[in-house]
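Atoms within each ligand, like the ligands themselves, are counted from 1 in listed order.
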Amino acid sequence: MIELIKGDITKLMIDVIVNAANHSLLGGGGVDGAIHRAAGPKLLDECMSLNGCKTGEAKLTHGYNLPARYVIHTVGPIWRGGDANEPELLSNCYHNSLTLALNHNLNSIAFPNISTGIYGYPKQEAAQIAVNAVKAFLAKNAKPEKVLFVCFDEENFLLYSELLNSD
Ligand code: AR6
């Protein structure tokens, strides 16, 4: 089941929220900064033990002070004009995060709009890739049962609304 909401991902009581992180996994701005602030300093301690993360890959930590039990940290591609394998890398973020959730038997997962903030990915293209990747995964796997797209800005919310209602 796919659901769409507008709001702050750090407030969600859910099995796992996904963080749009960077290679270092040591925090940053945007949703990454918000997640680290809400989770507290133990999240950074755990992230320091992970040895970073490559673009398109994903790593799991606990949620600490967050209402979510776990955080999956993934690194989206920086938009470089579209010829640097950005679509595949962005799709990998969704696929690998969902695979990690499945392997940990997690039933509900919330995604922010990876790469569409500081990393500059065009929102329409990113939304289409996100929806396609999630639908493809859910068609083949029984878990996670619930996938939430969490849009922070109105533009992304409208784009996702159109895409998800066009079936
Ligand atoms: N809840 C949900 N979505 C949010 C929140 C929130 N609390 N805050 C922002 N967003 P960005 P990126 C949305 O810039 O483009 C960091 O410094 C935001 O509106 O957070 O993948 C990392 O450390 C946008 O739609 O991530 C990296 O260096 C979406 O989250 C870099 O930014 C993603 O925007 C990653 O850039």
Side-chain angles (χ1 to χ4, degrees), residues 2-41 43-48 50-61 63-82 84-98 100-101 108-131 133-134 146-164:
I2 297 179
E3 285 179 16
L4 172 65
I5 62 162
K6 196 174 160 206
D8 181 350
I9 203 166
T10 67
K11 308 286 188 213
L12 299 181
M13 197 176 288
I14 192 163
D15 287 340
V16 58
I17 63 171
V18 176
N19 182 17
N22 59 60
H23 287 151
S24 77
L25 296 186
L26 301 182
V31 70
D32 193 7
I35 287 173
H36 275 273
R37 275 194 300 279
L43 179 62
L44 183 60
D45 290 344
E46 186 175 357
C47 284
M48 285 168 81
L50 296 178
N51 252 323
C53 185
K54 292 183 184 147
T55 305
E57 296 186 357
K59 294 193 176 179
L60 183 95
T61 66
Y64 300 100
N65 295 338
L66 288 164
R69 288 166 60 206
Y70 295 96
V71 179
I72 288 175
H73 305 262
T74 188
V75 182
I78 298 171
W79 179 254
R80 301 183 196 278
N85 212 21
E86 295 95 330
E88 190 183 342
L89 291 167
L90 184 60
S91 185
N92 290 348
C93 288
Y94 288 91
H95 179 85
N96 289 330
S97 297
L98 289 164
L100 205 48
S108 53
I109 182 168
F111 283 100
N113 309 134
I114 300 165
S115 284
T116 68
I118 292 163
Y119 281 180
Y121 210 111
K123 290 179 181 174
Q124 170 80 56
E125 285 89 333
Q128 185 71 67
I129 288 165
V131 169
V134 169
K146 185 167 150 187
V147 178
L148 214 57
F149 286 117
V150 183
C151 299
F152 202 58
D153 57 276
E154 183 69 17
E155 190 186 348
N156 265 316
F157 184 73
L158 291 175
L159 286 168
Y160 276 81
S161 305
E162 278 174 24
L163 282 172
L164 293 170

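The N/O atoms of A34, backbone and side chain alike, include none that comes under 3.5 Å of an N/O atom in ligand 1. Among the atoms of Y119, some N or O lies under 3.5 angstrom from an N or O of ligand 1. By the 3.5 Å distance cut-off applied to N or O atoms, I118 is counted among the residues near ligand 1. Inclusion of A20 in the set of residues having an N or O under 3.5 Å from an N or O of ligand 1 is not warranted.
Considering only non-hydrogen atoms, atom 16 (C) of ligand 1 lies nearest to G29 out of C93, G29, G30.
In summary, the atoms of ligand 1 found under 4.0 Å from a heavy atom of G7, numbered by their order in the structure, are 1 (N), 2 (C). Contact atoms of ligand 1 toward D8: 1 (N), 6 (C), 7 (N) (distance under 4.0 Å to a heavy atom of the residue). For ligand 1 and D32, the ligand atoms under 4.0 Å from any heavy atom of the residue are 22 (C), 23 (O). Distances below 4.0 Å separate heavy atoms of N156 from the following atoms of ligand 1: 25 (O).
Qualifying ring-ring contact (aromatic ring centres under 6.0 Å, His included) partners for Y119, counting only residues two or more places apart in sequence or in other chains: none. With sequence neighbours excluded, the residues forming a ring-ring contact (aromatic ring centres under 6.0 Å, His included) with H95 are F137, listed by chain and number.
Nearest heavy atoms, S97 versus T74: OG-CB, 3.8 Å. Here the shortest heavy-atom pairing between A130 and Y94 reads CB-CZ, 3.4 Å.
The protein heavy-atom contact nearest to atom 30 (O) of ligand 1 is V31 CB, 4.0 Å. Atom 21 (O) of ligand 1 has its closest protein heavy atom at S115 N, 2.9 Å. Of the protein's non-hydrogen atoms, the one nearest atom 15 (O) of ligand 1 is G117 N, 2.8 Å. Residue, atom and distance of the protein heavy atom nearest to atom 1 (N) of ligand 1 are I9 N, 3.0 Å. Here the heavy atom of the protein found nearest to atom 25 (O) of ligand 1 is T116 OG1, 2.9 Å. Protein heavy atom at the shortest distance from atom 3 (N) of ligand 1 is F152 CB, 3.4 Å. Considering only non-hydrogen protein atoms, atom 19 (O) of ligand 1 sits nearest to D153 OD1, 3.4 Å. Protein heavy atom closest to atom 29 (C) of ligand 1, with residue, atom name and distance, is N113 O, 3.3 Å.
When atom types are taken as modelled, the side chain of E57 and the backbone of N96 share no donor-acceptor pair closer than 3.5 angstrom.
Atom CG of residue N19 and atom CG of residue L60 lie 12.0 Å apart, to the nearest 0.5 angstrom.
C47 places a side-chain heavy atom less than 4.5 Å from the side chain of H73. Side chains of S108 and L148 form no contact here, defined as non-hydrogen atoms less than 4.5 Å apart. With a 4.5 Å cut-off on side-chain heavy atoms, P87 and Y121 count as touching. The shortest distance between side-chain heavy atoms of F152 and N156 does not fall below 4.5 Å.
Contact check on E154 versus K6 returns a salt bridge, with a Lys/Arg side-chain nitrogen under 4.0 Å from an Asp/Glu carboxylate oxygen.
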